[in-house]
Amino acid sequence: MTLTRQIFDTVIVGGGGSGLRAALQLAEAGHRVAVFSKVFPTRSHTVAAQGGIGASLGNMQEDHWLWHMYDTIKGSDYLGDQDAIEYMCRKAAEVVYELEHFGMPFDRNPDGTIYQRPFGGHSQNFGERPVQRACAAADRTGHAMLHTLYQRNVRARCQFFVEWMALDLIRDFEGAVVGIVALEMETGEVMAFQSKATILATGGAGRIFQSSTNAFINTGDGLGMAARAGIPLEDMEFWQFHPTGVAGAGVLITEGVRGEGGILLNANGERFMERYAPNMKDLASRDVVSRAMDQEIKEGRGVGPQRDHVLLKLDHLGADVINKRLPGIREIALKFAHVDPIREPIPVVPTCHYQMGGIPTNYYGQVVVPRGANPSEPVPGLYAIGECACVSVHGANRLGTNSLLDLLVFGKSAGDHVSEWLKTNPRHRDLPRNAAERSLERLARLDNATSGESVVEVAADMRRTVQQHAGVFRTGTLLDEGVERIREVAQRARNTAIRDKSRVFNTARIEALELENLAIVAEATLVSAQARTESRGAQAREDYKERDDKNWLKHSLWYLQGSRLDYKPVNLQPLTVESFEPKVRVY
Amino acid sequence: MKFSIYRYNPEKDDKPYMQDYDVELQPGDRMLLDAILRIKALDDSLSLRKSCREGVCGSDGMNINGKNGLACITPLKDLEEPVVLRPLPGLPVIRDLIVDMSQFFKQYHSIKPYLINDNPPPQKERLQSPEAREELNGLYECVLCACCSTSCPSFWWNPDKFVGPAALLQAYRFIADTRDDATSERLDNLEDPYRLFRCHTIMNCADVCPKGLNPTEAIGKIKEQMVRRMV
C-alpha cells in the first residue's frame, strides 16, 4: 500500500503548552513546522492548569533562582537531575517575561508588576518560610497561557494539523527518527510525514487512573509511540496525586487556594497539616499533603457519610479575595460539589494529577537512551518536551507551578536545539520502505475484528486495576497482583473490537488506539513500582517506608519489548553551582 | 433517562435523523456528558467531541433542548425529557454532534487575535495597573466553544461576512488591553457594514455563554470607540 507523504523540517506532535512554545520558537526562526493535535490547540489540557507559573521574579518578596532550585530538588525527593533543574530555574524569569510580552493577561500588583502567590513547597532561603513565586492569571493561568501561545503562533503563521492523531514514529535502520504516521480524524485518512526533527509533546497519561483530574485526551500517545519504537520510559512509578480533587468528580481545585490562605480540615475540624508539616503546613509539597489526607481518612477522621474525604475551607478569605483571585474555583465548586466556597468548605480527596516520568530527555529536549557505556545517548532526530518527557526536573514529586514552567523552558530550549540540528542536518533522511507498516497493521486489526471485547470495558478494568494497585499507598503484595492483572489488561487492549467501522470521525477507533497507549503506560507504571523497594516522593510503600539512597538513587527505565527494566544514575551535578546532597525531607 | 439525538453519518445516511435512547444512569452521573458517555458505551457509533469535562476546553458545545451549551457542565437534573440533542446550529455537520468549525475559527483569526506592540519589550514585564488589567476580565476567559456565534441569527445568515460574537469579544479583548498599540488598525478592520454592524443586539450570545461572558456588551464598546474616533 502506498501512502501519501508530506515533508516538513520539523513535526511537533501535540498542541499544548510545550508543543506551542516549541512551534513558536521554530516558526519565528523561519522553519517549516507542522503541529499535530487531536483537538483544536486551545482545547489541550494545559488549558486546565489553574494556579501559576513558578519563577523567582521577586515581585512580592526577595527571591532567588537558587532557592527555587533547592525547593525543586527537595520536592523531587532528590531524584531530579540537578543540571536540568538549575537550567529550568535560571531560565524561569526570562520565559515568564517573554510570555508577558506575548500578551499573557497576568494579574498585577499595585506597582504594575506580575502578581505572584504562594504555592506548596516553594520557600525563601532554603526552606525557611513560604515565598510568593507563582505568577498567576487569577485561577486560570493555564487557560490564559495556552490561548496566548496559540495566538502568538497564529501571528507566526505556524501550520496546524487539527484533529489528527499521531499513530507511530518512523525510525530508519540506523535508529534515527525520520517522521511520523498520522491519522486525520475527519476523513480517516492515514499519511506519513517526513521530517528532519520530530518533537513529541503529547502530555501525560493520567487517564490510566480511575480518579483523575486529567482530560479524556490525556492518553499517553507519545509514550506509546516511543515505547513501540524501542525507546524506554523513565520513572513511570511516580504519579502525583493532587491533594485537592473535588470528591466524587475528580475535577481539580488549585493549590493556589491554599496559597491564598485556604486550609484542610478533618472530621474533627482540625487543621491536621500542622501535625504532618509544622513549618509549611498546608503548603507542604503535594506528596506529603496527599499522604497526610489519606492517613487521616484511613484513621477514621474523614468527612461525609462514607468518611472518605476531607474539607478545604476558604470562606475565611472573604468574598472579595475569592471572586478576584479564585473565580474559576468558585465556579467549579458550585457546579461539581454544589457548595459555595464563600460560605462552605469544598469536599476534596487526593486525585491522580500528573505524570512525573516519561520519555527520557536531556535539557535540550533530546530523547536519550542507554547505549554501550553511555546511559544518555541522543536518538537522532527525536525530541520530547512537557509532561510526556522526563528531563528529569520533577524527579519523584513535582512542585506545583513547575509544570507550566517546564512547558515554557523546555519548549523553548527544544525549539532552539532543533534550529541548530537543522543547520547541521540540512537533508531529510530516507523513509524506510515499511515506514507505516506498524500503524497500518493496528488499523487493519481494528477494521477486521468482528469479535472482541469492548474498548469501554477494557479501559474501565485498566483504570480500576491501576487505581487499586498503584494508589497513594502501595505494598509488595498489591503491586505483585497489580502487575499480573495489568499484563492481562494490556493483552486485552490489543484485542478489542469496535462495531463502528466507518472512516469519517470515527471516535470509537480513536478510543481503541488510545487504549493501546494507555495500557502500555499502565504496565510501565506497575512494573516500575513493583521493582522499586523504597518510598520516595510519590511512591509510598508500606513495606519499604524509608527512602533508600544507597540502592535506589537512580532512574528506572522500562522497555516495552520484554517488559524489561534497566536503570541509570541521577545527575547530582548542577551546571554551575554546588550539588545539593540528599537530605531527610522535612516540611 | 430518555434522549433524542441527531444522527448523521455521511458514509451511510442520505439525510440526518433523530434517534431515541433510553439509558440507565449511575449514581455518580451528574452532567449531561456523563449520560452521553453511557449511551456511547452501548452505541460506539455516536460521535461527539469531548476533552476536559469541566467546562474549560470548549470541546462539547451542542444544542441542548433548543439552547446551546457545554454538555460537561450542564446538570442532568435541570433537563426536561426527552433531552433533545442537536449539533451547534448553522455550521456544516461532519457527523452526528460534530460540526465543521472552520468558518468560526476563520473569523476568530480575522480579528488578529494576538497582542500587537512593535516597541521593543523591556528587560522585565511591561507594567500594567491592576485597574487596566481588570478591563480584560469578562473577555480573556472565552473558551472558543462557539455556543454564542452559533446561536446568533446574524452569524447564521452571514457566517462568512459577520465576525460573530465570539471573535468580536476577542477583538475587544485586545482593544481593551493597554499593552496593545493597534486599536485604530483593529477598528479599521471592523468598520464595514457586515463585520461588526450585523450585530443587532439580539443578545442570544450573552444568554447562552457557558462562561457567563457578555459579547453584546463588548460589541457595544467597540461601536462606542468607533463613534468616539469619528467625532
Side-chain angles (χ1 to χ4, degrees), chain A residues 39-40 42-45 47-48 57 93 96-98 100-103 105-115 137-138 140 142-144 147-148 150-152 154-155 186 215-217 248-249 251-252 327-328 331-332 335-336 454-457 498-500 502-508 511, chain B residues 9-12 28 30-31 37 40-41 43-59 73 75 94-96 98 100-101 105 109 112-117 121-130 132-133 136-137 139-144 173-174 177 179-180 211-212:
Chain A
V39 293
F40 186 75
T42 64
R43 317 214 188 285
S44 308
H45 197 52
V47 80
L57 308 185
V96 166
Y97 291 141
E98 276 171 356
E100 194 282 324
H101 300 155
F102 296 162
F106 282 113
D107 285 3
R108 299 290 173 155
N109 294 310
D111 66 358
T113 54
I114 295 169
Y115 167 73
R140 303 187 182 98
H143 172 280
H147 280 254
T148 302
Y150 175 70
Q151 291 161 352
R152 189 77 178 184
V154 170
R155 180 178 173 270
E186 187 178 333
F216 286 110
I217 53 171
V251 177
L252 173 70
E331 202 180 314
I332 286 172
K335 288 201 171 103
F336 288 94
S454 94
V455 173
V456 174
E457 272 169 34
I498 50 175
R499 285 191 294 268
D500 183 1
S502 49
R503 294 173 63 79
V504 173
F505 230 117
N506 186 336
T507 49
E511 285 171 19
Chain B
N9 179 346
E11 288 169 76
K12 286 190 192 147
R30 286 170 222 190
M31 299 295 179
L37 294 181
K40 188 165 170 59
D43 176 359
D44 68 4
S45 71
L46 176 64
S47 303
L48 72 150
R49 293 188 176 104
K50 63 176 195 302
S51 183
C52 75
R53 59 88 171 88
E54 59 187 60
V56 294
C57 80
S59 296
I73 51 171
I94 295 174
R95 179 175 175 176
D96 297 342
I98 298 174
D100 179 351
M101 298 192 52
F105 289 123
H109 294 151
K112 299 196 174 173
Y114 42 83
L115 194 84
I116 300 176
N117 183 327
Q123 283 267 302
K124 295 187 170 183
E125 66 266 61
R126 288 195 178 94
L127 299 180
Q128 185 175 45
S129 71
R133 165 61 183 79
L136 307 183
N137 287 347
L139 306 171
Y140 82 96
E141 302 92 326
C142 173
V143 299
L144 298 176
R173 177 250 174 273
F174 290 99
D177 196 324
R179 300 170 296 172
D180 188 274
K211 304 308 285 180

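Everything numeric in this text was worked out from a predicted model, so none of it was measured. The chains referred to below are lettered A, B, ... by the order of the sequence lines, with proteins before strands, and numbering in each begins at 1. Computed from heavy atoms alone, side chains included, the values below leave out hydrogens, waters and symmetry copies.
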Check whether any side-chain heavy atom of A/P105 sits under 4.5 Å from a side-chain heavy atom of B/R133, and report yes or no. yes
Would you call B/E54-A/K335 a salt bridge at under 4.0 Å N-O? no
Highest number of heavy-atom pairs under 4.5 Å with chain A: which of B/S47, B/G28, B/P113? B/P113
With chain B, the option among A/E457, A/H147, A/H45 that has the most non-hydrogen atom pairs under 4.5 Å is A/H147
Among B/G58, B/A41, B/A132, B/P10, single out the residue with the greatest number of heavy-atom pairs under 4.5 Å to chain A. B/G58
Taking A/R43 for its side chain and B/S51 for its backbone only, find out whether a donor-acceptor pair lies under 3.5 Å. no
Could you check whether A/R503 pairs with B/E11 (Lys NZ or Arg NE/NH1/NH2 to Asp/Glu carboxylate O, under 4.0 Å)? no
Check each atom of A/D107 against the heavy atoms of chain B and say whether the ones under 4.5 Å are side chain, backbone, both or neither. both
Indicate yes or no: at least one non-hydrogen side-chain atom of B/R53 is less than 4.5 angstrom from one of A/F216. yes
With the side chain counted from C-beta on, respond yes when B/L115 and A/Q151 share a heavy-atom pair under 4.5 Å apart, and no when they do not. no
Closer than 4.0 angstrom, basic N to acidic O: yes or no for A/E331 and B/K211? yes
What residues, two or more places apart in sequence or in another chain, satisfy salt bridge (charged side-chain N to carboxylate O under 4.0 Å, His left out) together with A/E98? A/R21, A/K412
B/V143 and A/H143: CA distance, side-chain angles, deciding distance, side chain to side chain contact (heavy atoms under 4.5 Å, CB included) verdict: CA-CA 8 Å; B/V143 299; A/H143 172 280; 4.0 Å; yes
When the ring planes of A/F40 and B/F105 are compared, do they come out parallel, tilted or perpendicular, using 30° and 60° as the limits? parallel
Of the listed residues (B/M101, B/M31, B/R49, B/K12), which shares the most heavy-atom pairs with chain A below a 4.5 Å separation? B/R49
Heavy-atom proximity to chain A below 4.5 Å, by part of B/D43: backbone
Between the side chain of B/Q128 and the main-chain N/O of A/G112, is any donor-acceptor distance below 3.5 Å? no
Heavy-atom cut-off 4.5 Å, strictly under: side chain, backbone, both or neither for A/S454 against chain B? neither
Heavy-atom proximity to chain A below 4.5 Å, by part of B/Q123: backbone
Take B/R95 and A/N506, measure what side chain to side chain contact (heavy atoms under 4.5 Å, CB included) needs, and give me the verdict at the end. CA-CA 9 Å; B/R95 179 175 175 176; A/N506 186 336; 4.3 Å; yes
Region of B/R179 that comes under 4.5 Å of a non-hydrogen atom in chain A: side chain
Counting heavy-atom pairs closer than 4.5 Å to chain B, which one of A/R152, A/H101, A/R155 comes out on top? A/H101
Using a 6.0 Å distance limit plus a 45 degree cone around the ring axis, check whether B/K124 lies over the aromatic ring of A/Y97. no
For the backbone of B/S45 and the side chain of A/R499, can you confirm whether one donor and one acceptor N or O come within less than 3.5 Å of each other? no
Ranked by heavy-atom pairs below 4.5 Å to chain A, first place among B/R30, B/K50, B/R173 goes to B/K50
Heavy-atom closest pair (A/S502 atom, B/N9 atom, distance to 0.1 Å) is OG-ND2, 3.4 Å
Under a 4.5 Å heavy-atom cut-off, does chain B meet the side chain of A/F102, its backbone, both or neither? backbone
Looking at A/V504, A/I114, A/T42, which one has more heavy-atom pairs under 4.5 Å with chain B than the rest? A/V504
B/K40 and A/D500 ion-paired at < 4.0 Å: no
If you count heavy-atom pairs within less than 4.5 Å of chain A, which of B/I98, B/L48, B/L136 leads? B/I98
So which of B/G212, B/G55, B/P75, B/S59 has the largest heavy-atom pair count under 4.5 angstrom toward chain A? B/S59
Between A/T148, A/V251, A/V456, A/D111, the one whose heavy-atom pairs under 4.5 Å with chain B are most numerous: A/V251
